[in-house]
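As the structure is a computational prediction, the values presented were derived from the model and not from experiment. In this chain, numbering begins with 1 at the start of the sequence shown.
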Amino acid sequence: MKTRFIDLKAVWLIMVCALCLASCRNNDYVRSIPASATAVMRIDGAVVAQSDKVLSLLPFGDKAAEALDLSRDIYAFETIDGNLGMCAKVKDSDRLLEIMKKAATSEVRRQGDYRLADINNSWAVGFDDNALLVLGPVSAAALPDAQRSLVRMLKQDEDASILARPMYSRLDSIGRRVALVAQVQALPEKLAAPFMLGAPKGADASQVAVAAGVDVKDGIMRIDCENFSFQKSVDRELHKSHSVLRPIKGDFKNCMSQSQLFALFANVNGKDFLPLLQSDRSLQAVLMGLNTAVDFDNIMRSVDGDIAFAFSGMSPDNPGMTMLARVDNPVWTADVDYWKQSCQPGCSITGSDGHWTYRSGDTGFSFGLQGDVFYGTSGVSPAQVQHLLKPANPIPADVSRMIQGERMAMVLNVKALVGNGMAAGSMSGMLKPIINNVKAVVCVMKFKK
C-alpha cells in the first residue's frame, strides 16, 4: 500500500511539473515584452479571430490569422519611451515571412534567427519561430534603432521580461477577455487625474497603477478599474482615500453632452474630498485658474452630494470645463463682494443674486447657484443653468445609467475624442483593436472592501 502511495505521489509530481513546463512554454513568447513596459494589455486571441474588423487593424491585415496562433493571447504594451508594441505567438513563421514580404515597405532582412522589416516607414517588425513583435510609430530615421530594440527583446530571457514583474502577475489575475495594467504615467494627463486621487504628496504617476477589465456590448465599452500601487506605503494611502467616495445618486448623470470629450462623476462631502483634490497635481493644474479668482476651496467645502466635472477641451489654457455639484449651506456667497474688490488689474467679477461672471481679458467663467446646485462653466457669457443640467444633445441613456450607484465613474465620448485628436495618444492606441465602432467608454472605479 505504501509503495502504491509513493507511486501515486510520483505521478502527481510529474503531472505538476509537466503543467508548469507547459505553462512556461505557453508564455515563452510573452518574454519578448520588456520588463520596463509602462502598460500591458492582454487580448484574448479569440476576440481578434472572431472579428474581421479587428483583424484588419493588425499589421498585416486579415492575413495575420494565417500565420499567428490566435488561440493564444495577443499583447499590446507601451515602452518606457512612449512607443506602442504588439506581441503575438507565431504559428507558421514561413507563412509569416511570405506575408511580410508583401506588406513590408523595405526588404525583409535576416539577423541571426530573426527577421526584420518595417511597415509604412513607421512600424518596426521583428519575428522568429516563436514570437512576433511590432514597435512604433517611429520616424524613418529611428527605424534602425527600433529594429535593434526588437532583436534585444526577442533575445531576452524571462528575468529581463515583463514575466518577472508584478505587473504581469496582476494582469494574469484579471479574469476578463481583455485586461490592462498600466502605470498612471502612461495615461493622458487629464484622464490620469482621477486615478491619482488619494496618492500621498510626493508620489508621482509612475508609482500609481491601474488594473482594468474591459467589456464591449452594444457599442459601449465598460472598463472596471482599480487604482493601486506596488509600493505598500502608497497603496495604503490610496485605499484609505476610497472611503471618501460615496455611491453616486445620479443627479447629474444626464449633464454630459455629446460635444464634450469626457466627464468625471462622484458623490462626496466636500470637506473630506478637498484634501484629495489639493494633493492631486493634475486636477490642481486645472482648478488653479479658478482658485486665483474665487475661493474655490471654500466652494468645495460646501459640496455635499453628487459632483460632476465635464471637459470640452484639452488645452491647459482652455479646458472648457463645466462643474456641477449639490451643495449644503453655501456660506461662501457672503464673500463674493470681497472677491469682486480683490480682483487683480484687468480682471473683474460682475453679477448678483446667485449668478456671477469672472472676466480676464478674452477668457473667463460663469458661476453661481441654482437652488442647491452649484454651477461653474468656462466662458464669459452668463450660463444657462438649465442647459447645463439638461443639454440638448446628451450622451445616450444606456451610458448615463451605468454611472448611478457607482462611487466614481468617468465617461469618454469616443467620437469627440477622435475629432479632438486625443485618441492618437499611446494608451488610446492600445485600445484601438477593441475600440473600433465603440461610441462611448464608461470607466468605473472599483474599490476593495
Side-chain angles (χ1 to χ4, degrees), residues 29-43 48 54-61 63-64 67-68 74-90 96-97 99-128 130-156 160-162 167 180 182-183 185-189 191-192 205-206 314 417-418 420-436:
Y29 69 107
V30 185
R31 64 171 169 73
S32 299
I33 301 173
S36 59
T38 58
V40 184
M41 174 181 285
R42 187 194 73 239
I43 306 171
V48 178
V54 174
L55 278 171
S56 68
L57 296 171
L58 294 176
F60 319 116
K63 296 290 185 184
L68 301 180
I74 288 179
Y75 290 83
F77 59 94
E78 183 173 337
T79 64
I80 197 167
D81 53 1
N83 287 324
L84 285 179
M86 188 196 83
C87 175
K89 176 71 175 175
V90 172
L96 185 54
L97 179 59
I99 296 170
M100 179 83 75
K101 286 178 178 178
K102 294 178 181 179
T105 308
S106 61
E107 183 179 353
V108 180
R109 65 186 181 87
R110 185 165 195 146
Q111 183 173 328
D113 295 330
Y114 312 107
R115 305 277 188 168
L116 301 169
D118 69 86
I119 295 177
N120 297 328
N121 289 315
S122 58
W123 293 93
V125 182
F127 70 94
D128 58 13
N130 184 49
L132 163 73
L133 282 180
V134 181
L135 190 64
V138 297
S139 66
L143 277 170
D145 285 339
Q147 290 176 344
R148 282 190 285 272
S149 294
L150 290 180
V151 171
R152 285 195 298 271
M153 293 179 197
L154 288 165
K155 280 183 176 180
Q156 70 190 8
S161 78
I162 197 70
M167 181 181 280
L180 167 74
Q183 293 177 9
Q185 69 173 349
L187 304 173
E189 184 178 11
L191 300 186
S206 68
M314 294 301 294
L417 287 170
V418 170
N420 191 265
M422 186 177 164
S426 292
M427 283 303 300
S428 303
M430 288 183 69
L431 288 168
K432 190 175 179 182
I434 52 172
I435 209 170
N436 205 31

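Proximity of a side-chain donor or acceptor of N120 to a complementary backbone N or O of W123 within less than 3.5 Å is not detected.
Considering only heavy atoms from C-beta on, M41 comes within 4.5 Å of I43 through its side chain. Residues L133 and V125 have side chains not in contact (no heavy-atom distance under 4.5 Å, counting atoms from C-beta outward). Looking at S32 and Y75, their side chains never come closer than 4.5 Å, going by heavy atoms from C-beta outward. In this structure, R115 and L97 have side chains that are in contact, with non-hydrogen atoms separated by less than 4.5 Å. Between I33 and M153, every side-chain heavy-atom pair lies at or beyond the 4.5 Å cut-off.
Taking CG from L143 and CG from L116, the interatomic distance works out to 11.0 Å, rounded to the nearest 0.5 Å. Here the OH atom belonging to Y29 is positioned 8.0 Å from the CD1 atom belonging to I74, to the nearest 0.5 angstrom. Atoms OG1 and CD1, from T105 and I119 in turn, are 7.0 Å apart once rounded to the nearest 0.5 Å. A distance of 12.0 Å separates NZ in K101 from CD1 in I99, rounded to the nearest 0.5 Å.
Of all heavy-atom pairs spanning G82 and E78, the tightest one is CA-OE2, 3.7 Å. Scanning both residues, L68 and L132, for their nearest heavy atoms gives CD2-CD2, 3.8 Å. Here the closest heavy-atom approach between residue K155 and residue Y114 is recorded as CG-OH, 3.1 Å. When all heavy atoms are compared, the tightest approach of A37 to I162 is CB-CD1, 4.4 Å. Summarising the geometry of S36 relative to I80, their closest heavy-atom pair is O-CB, 3.8 Å, with the distance given to 0.1 Å.
Residues meeting the side chain to side chain contact (heavy atoms under 4.5 Å, CB included) test with S206, sequence neighbours left out: Q183, Q185, D204. By the side chain to side chain contact (heavy atoms under 4.5 Å, CB included) test, A146 is found to be paired with A124, L135, V138, residues two or more places apart in sequence or in another chain being considered. For R31, the side chain to side chain contact (heavy atoms under 4.5 Å, CB included) partners at least two apart in sequence or on another chain are N130, S161, L163.
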Go through Q111 and V151 one step at a time and tell me if the side-chain contact (heavy atoms from CB on, under 4.5 Å) criterion holds. CA-CA 8 Å; Q111 183 173 328; V151 171; 4.0 Å; yes
Requested in this report: Report the C-alpha separation of M100 and F127 in whole Å, then their side-chain angles, then the decisive distance to 0.1 Å, and conclude whether the side-chain contact (heavy atoms from CB on, under 4.5 Å) test is met.
Outcome: CA-CA 10 Å; M100 179 83 75; F127 70 94; 3.4 Å; yes
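Using a 3.5 Å distance cut-off with no hydrogens or angles, the side chains of T79 and D81 do pair a donor with an acceptor. In this model, a donor atom of one side chain and an acceptor atom of the other lie less than 3.5 Å apart for S106 and D118.
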